[in-house]
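The structure under discussion appears below in the form of structure tokens.
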Amino acid sequence: MRSENKPTLYCSLLNYKDWNFYIASTSKGLVFVGSQNKPFEELSEWAMKRFPGSPLVEDGEMLKPYVDELTQYLGGKRQTFTIPFDYNGTVFQLAVWNALREIPYGEKKTYSDIANYINKPTAVRAVGAAIGANPVLITVPCHRVVGKNGALTGYRGGLEMKTKLLDLERQESSSNK
């Protein structure tokens, strides 16, 4: 029997060209986008920490709207996401994640830029921690945040994935000019 505070997590492996990662949602919205080429354990370990006791059910049909928008993005046909989200975090994390969603496609911001945007200019390290806790890679575009000197810095999906995402956006942005 399922308790209301233990929502079912629906999951699927997204395979598109050379992209492979797990995604998960509740009935309310997207809760997780995994790292490139990581095994199912990345999702299951995350789910056990964030949704202890919630069943994890493979359901490609339930995730179809999320898969569709992500594959459109990866194919260069989408720059923003309209899918619903159901992620949760602290008030500070939510402020950071909402700020990330304001970074335009193809642009980069620094951790300091995000700290200033949320009116916490001295909280640069805390911003970094909140970005590192972002459960929905790509859709909440933490890959667009770089170090003060423009260097690529940590990314839960790995720097190779971050580079691929930035290259994708750079190519699409320059072809649309």
Side-chain angles (χ1 to χ4, degrees), residues 7 9-14 16 19-36 38 42-43 45-47 49-51 62-120 123-147 152-170 172-173:
L9 297 177
Y10 303 97
C11 67
S12 183
L13 176 63
L14 185 147
Y16 177 76
W19 292 95
N20 299 288
F21 50 85
Y22 284 93
I23 63 173
S25 76
T26 64
S27 60
K28 296 177 184 175
L30 189 67
V31 294
F32 180 84
V33 174
S35 305
Q36 172 75 341
K38 292 287 182 175
E42 179 194 33
L43 169 59
E45 288 172 11
W46 176 87
K49 288 178 189 165
R50 296 303 303 239
F51 291 90
M62 181 72 165
L63 291 220
K64 188 176 181 337
Y66 309 104
V67 169
D68 288 349
E69 286 202 13
L70 280 160
T71 55
Q72 290 165 9
Y73 167 85
L74 295 170
K77 294 176 174 56
R78 173 175 291 279
Q79 295 185 358
T80 59
F81 293 93
T82 60
I83 50 177
F85 294 95
D86 189 24
Y87 53 72
N88 55 49
T90 66
V91 171
F92 183 82
Q93 287 173 327
L94 294 173
V96 170
W97 300 341
N98 288 333
L100 297 175
R101 293 183 66 198
E102 298 295 319
I103 303 172
Y105 182 92
E107 291 186 22
K108 293 181 248 176
K109 299 290 182 187
T110 66
Y111 294 92
S112 296
D113 291 335
I114 302 302
N116 287 327
Y117 185 85
I118 64 168
N119 296 313
K120 302 278 186 192
V124 176
R125 286 189 178 172
V127 164
I131 289 172
N134 173 18
V136 283
L137 300 180
I138 304 171
T139 56
V140 173
C142 54
H143 61 276
R144 297 179 188 153
V145 180
V146 297
L152 297 187
T153 56
Y155 184 66
R156 178 172 58 85
L159 291 182
E160 183 179 338
M161 183 177 180
K162 185 172 187 167
T163 300
K164 281 177 68 174
L165 292 168
L166 291 172
D167 287 348
L168 169 74
E169 292 187 11
R170 185 173 43 252
E172 292 303 317
S173 291

Rounded to the nearest 0.5 Å, what separates atom [atom1] in [X] from atom [atom2] in [Y]?
X	Y	atom1	atom2	value
Met62	Ser27	CE	OG	5.5 Å
Lys120	Phe92	NZ	CZ	7.5 Å
Asn88	Leu94	CG	CG	7.5 Å
Arg101	Asn134	CZ	CG	10.5 Å
Arg144	Glu102	CZ	CD	11.0 Å

With sequence neighbours excluded, what pairs up with Phe51 under the ring-ring contact (aromatic ring centres under 6.0 Å, His included) test? Trp46
If the condition is ring-ring contact (aromatic ring centres under 6.0 Å, His included), which residues does Tyr87 pass it with, not counting sequence neighbours? Phe85, Trp97
Check the pair Phe21 / Val33 against side-chain contact (heavy atoms from CB on, under 4.5 Å), numbers first and verdict last. CA-CA 7 Å; Phe21 50 85; Val33 174; 3.7 Å; yes
Of all the heavy-atom pairs spanning [X] and [Y], show the shortest one and how long it is.
X	Y	answer
Leu63	Ser12	CD1-N, 3.6 Å
Ile114	Ala99	CG2-CB, 4.1 Å
Ala115	Ala123	CB-C, 4.4 Å
Pro141	Leu100	CG-O, 3.2 Å
Met161	Gly34	CE-O, 3.8 Å

Given side-chain hydrogen bond (donor to acceptor under 3.5 Å, both in side chains), test Thr153 with Tyr111 step by step and report yes or no. CA-CA 10 Å; Thr153 56; Tyr111 294 92; 2.7 Å; yes
Ser25 and Asp86: side-chain contact (heavy atoms from CB on, under 4.5 Å), yes or no, with the steps? CA-CA 7 Å; Ser25 76; Asp86 189 24; over 6 Å; no
Ile103 vs Asp113, test: side-chain contact (heavy atoms from CB on, under 4.5 Å). Steps then yes/no. CA-CA 10 Å; Ile103 303 172; Asp113 291 335; over 6 Å; no
Close side-chain approach of [X] to [Y], heavy-atom, < 4.5 Å:
X	Y	value
Ile83	Asp68	no
Glu160	Gln36	no
Leu152	Leu166	yes
Tyr155	Thr163	no
Arg78	Glu69	yes
Thr26	Leu9	yes

Flag if over 12 foreign heavy atoms under 6.0 Å of NZ, Lys164: yes
Of Leu43, Thr139, Ile138, Val67, which is the lone residue that meets side chain to side chain contact (heavy atoms under 4.5 Å, CB included) with Ile23? Val67
Apply side-chain contact (heavy atoms from CB on, under 4.5 Å) to Leu165 and Trp19, showing your working. CA-CA 11 Å; Leu165 292 168; Trp19 292 95; 3.6 Å; yes
With sequence neighbours left out, write down each residue that passes side chain to side chain contact (heavy atoms under 4.5 Å, CB included) with Ser35, or none if nothing qualifies. Lys38, Glu42, Leu137, Arg156
Do Lys162 side-chain atoms and Val145 backbone N/O form a donor-acceptor pair below 3.5 Å? yes
Apply side-chain hydrogen bond (donor to acceptor under 3.5 Å, both in side chains) to Tyr16 and Gln72, showing your working. CA-CA 10 Å; Tyr16 177 76; Gln72 290 165 9; over 6 Å; no
